[in-house]
Amino acid sequence: MTATPSIHADAAALAEAVAARWAALAGEAIREHGRFTVALSGGRTPRALYERLASPAWADRLPWAQTELYLGDERCVPGDHADSNARMVREALLDRLPNPPRFFPMVSTPDQPAQDAARYSALLRDRLTEDGPVPCFDLVLLGMGADGHFASLFPGTTALEDREGLVLPVRVEKLGAWRISLGRRVIAAARHRIVMVSGADKRAALAEVLHEPDSLLPIARLRAQASLEWHIDPAAAPAV
């Protein structure tokens, strides 16, 4: 269930194209149920999108008052830490808007990942289950690592195998760190999933995901559950 990737000329064109998709999906969601709920990704490529959304070209055209922003994953660090996705979202988007949307950070107690995961699960159940038992975002933004990971679901982690949890504490041994991530169940239940990929280091993984049906890379496992909309730059584009 993988759509043909949209290949964009450069990072700016990639951000512009996804900004246009954001605007279209926001309008659709608000017409249907009065708000637009998004789980945001961390990383350099999504940051360029957030900066674009906050630019004069887009900021005044988007329904921020009806938008709610969440996180798809987070490092277990304080909110002002350089590695914090929440900090990046604030710097790239929220602090640049005169009337920013509601934003729900994932981590409040960095040394208690299980506690924060449980708290965020309860938040999602409370706010996003009007259409069924599984929280349903209008849009989940994803990146992909060179190892095929998405959100913080890395190869070899028990969280990748979890099909029931909504928000999971994740121990990433190769990084020696804890993270918190949406589970596959929640990501697959979203109305839309957009994957942004840039850089030559991602090319081999992307080629495997797109062309090898039996791939066991993490994002290939997600692809088997739900449709993915790919937006990539030329460096990440695999040979045809």
Side-chain angles (χ1 to χ4, degrees), residues 37-47 49-50 68-79 81-89 103-129 134-197 202 205 209 216-226 228:
T37 58
V38 186
L40 301 176
S41 174
R44 173 177 50 84
T45 305
R47 181 180 185 121
L49 167 65
Y50 308 150
E68 295 179 6
L69 302 180
Y70 301 78
L71 286 174
D73 72 313
E74 180 62 285
R75 298 168 177 87
C76 291
V77 296
H81 193 282
D83 292 336
S84 167
N85 285 339
R87 173 177 169 172
M88 185 272 283
V89 169
F103 174 52
F104 300 91
M106 254 179 170
V107 168
S108 60
T109 50
D111 61 342
Q112 298 290 331
Q115 177 178 307
D116 274 344
R119 178 186 59 80
Y120 216 67
S121 293
L123 173 73
L124 299 188
R125 286 193 190 96
D126 180 57
R127 301 194 63 82
L128 300 175
T129 54
V134 181
C136 183
F137 288 99
D138 293 305
L139 171 63
V140 174
L141 285 172
L142 298 168
M144 185 194 75
D147 60 359
H149 83 266
F150 64 97
S152 282
L153 302 182
F154 287 78
T157 57
T158 57
L160 177 62
E161 307 302 325
D162 191 316
R163 288 179 171 268
E164 298 300 322
L166 304 182
V167 184
L168 307 168
V170 185
R171 177 66 182 178
V172 185
E173 292 297 342
K174 69 178 182 178
L175 301 177
W178 282 93
R179 296 190 178 192
I180 296 174
S181 180
L182 296 182
R184 286 165 57 192
R185 184 184 187 193
V186 174
I187 296 172
R191 295 179 178 91
H192 300 275
R193 286 151 300 277
I194 290 177
V195 190
M196 303 177 69
V197 185
K202 316 291 179 61
V209 171
L216 295 179
L217 291 177
I219 204 162
R221 307 272 294 277
L222 177 64
R223 177 207 60 186
Q225 289 182 264
L228 303 176

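Along the sequence shown, residues carry numbers from 1. If you're wondering where the values come from, they're calculated on a predicted model, not measured in any experiment.
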Within-4.5 Å side-chain heavy-atom neighbours: His192 and Val140: no
Separation between CG of Leu142 and CD1 of Ile194, rounded to the nearest 0.5 Å: 9.5 Å
Any side-chain heavy-atom pair of Val38 and Asp138 under 4.5 Å: no
Atom pair CD1/SG of Ile180 and Cys76 - distance to nearest 0.5 Å: 4.0 Å
Heavy-atom pair of closest approach, residues Cys136 and Ala189: SG-O, 3.4 Å
Side chain to side chain contact (heavy atoms under 4.5 Å, CB included) between Leu128 and Thr37, worked out: CA-CA 9 Å; Leu128 300 175; Thr37 58; 3.6 Å; yes
Any Leu222 side-chain heavy atom under 4.5 Å of Phe150 side chain: yes
Distance in Å, Ser108 OG paired with Gln115 CD, rounded so as to fall on 0.5 Å steps: 6.5 Å
Thr129 side chain to Val134 backbone, donor-acceptor under 3.5 Å: no
Separation between OG of Ser181 and CZ of Phe154, rounded to the nearest 0.5 Å: 9.0 Å
Side-chain ion pair, Arg185 and Asp162, N-O less than 4.0 Å: no
Test log, rule side chain to side chain contact (heavy atoms under 4.5 Å, CB included), inputs Glu68 and Arg127: CA-CA 10 Å; Glu68 295 179 6; Arg127 301 194 63 82; 2.8 Å; yes
Shortest non-hydrogen contact between Ala159 and Val170, atoms and distance: CB-CG2, 3.6 Å
Leu139 and Arg193, any side-chain heavy atoms less than 4.5 Å apart: no
Value rounded to 0.5 Å, distance of CH2 in Trp178 from CD in Glu74: 15.5 Å
Shortest non-hydrogen contact from Ser121 toward Leu166: OG-CB, 3.9 Å
Sequence-distant partners of Arg75, side-chain contact (heavy atoms from CB on, under 4.5 Å), two or more places apart: Val77, Asp83, Asn85, Arg179
Straight-line distance of Arg184 CZ to Leu160 CG, nearest 0.5 Å: 5.5 Å
Verdict with supporting geometry, Leu141 and Leu49, side chain to side chain contact (heavy atoms under 4.5 Å, CB included): CA-CA 10 Å; Leu141 285 172; Leu49 167 65; 3.7 Å; yes
Candidate list Leu153, Asp73, Leu124, Leu71, test side chain to side chain contact (heavy atoms under 4.5 Å, CB included), partner Leu182, passing option: Leu124
Heavy-atom closest contact (Met144 atom, Ile219 atom, distance): SD-CG2, 3.8 Å
Under 3.5 Å donor-acceptor, Tyr120 side chain and Phe104 backbone: yes
ring-ring contact (aromatic ring centres under 6.0 Å, His included) against Phe103, all qualifying residues, sequence neighbours excluded: none
Whether Phe137 and Tyr70 hold their rings parallel, tilted or perpendicular, with breakpoints at 30° and 60°: perpendicular
Which atom of Gly72 lies closest to which atom of Ala151, heavy atoms considered: O-CB, 4.1 Å
Any donor-acceptor pair under 3.5 Å from Asp116 side chain to Thr109 backbone: yes
Beyond-backbone contact of Val167 with Met106, side-chain heavy atoms, under 4.5 angstrom: yes
pair Leu217-Arg221: side-chain heavy atoms closer than 4.5 Å: no
Test log, rule side chain to side chain contact (heavy atoms under 4.5 Å, CB included), inputs Tyr50 and Val89: CA-CA 7 Å; Tyr50 308 150; Val89 169; 4.2 Å; yes
Arg171 and Glu173 ion-paired at < 4.0 Å: yes
Shortest non-hydrogen separation from Pro46 to Gly43 and the atoms involved: CD-O, 3.5 Å
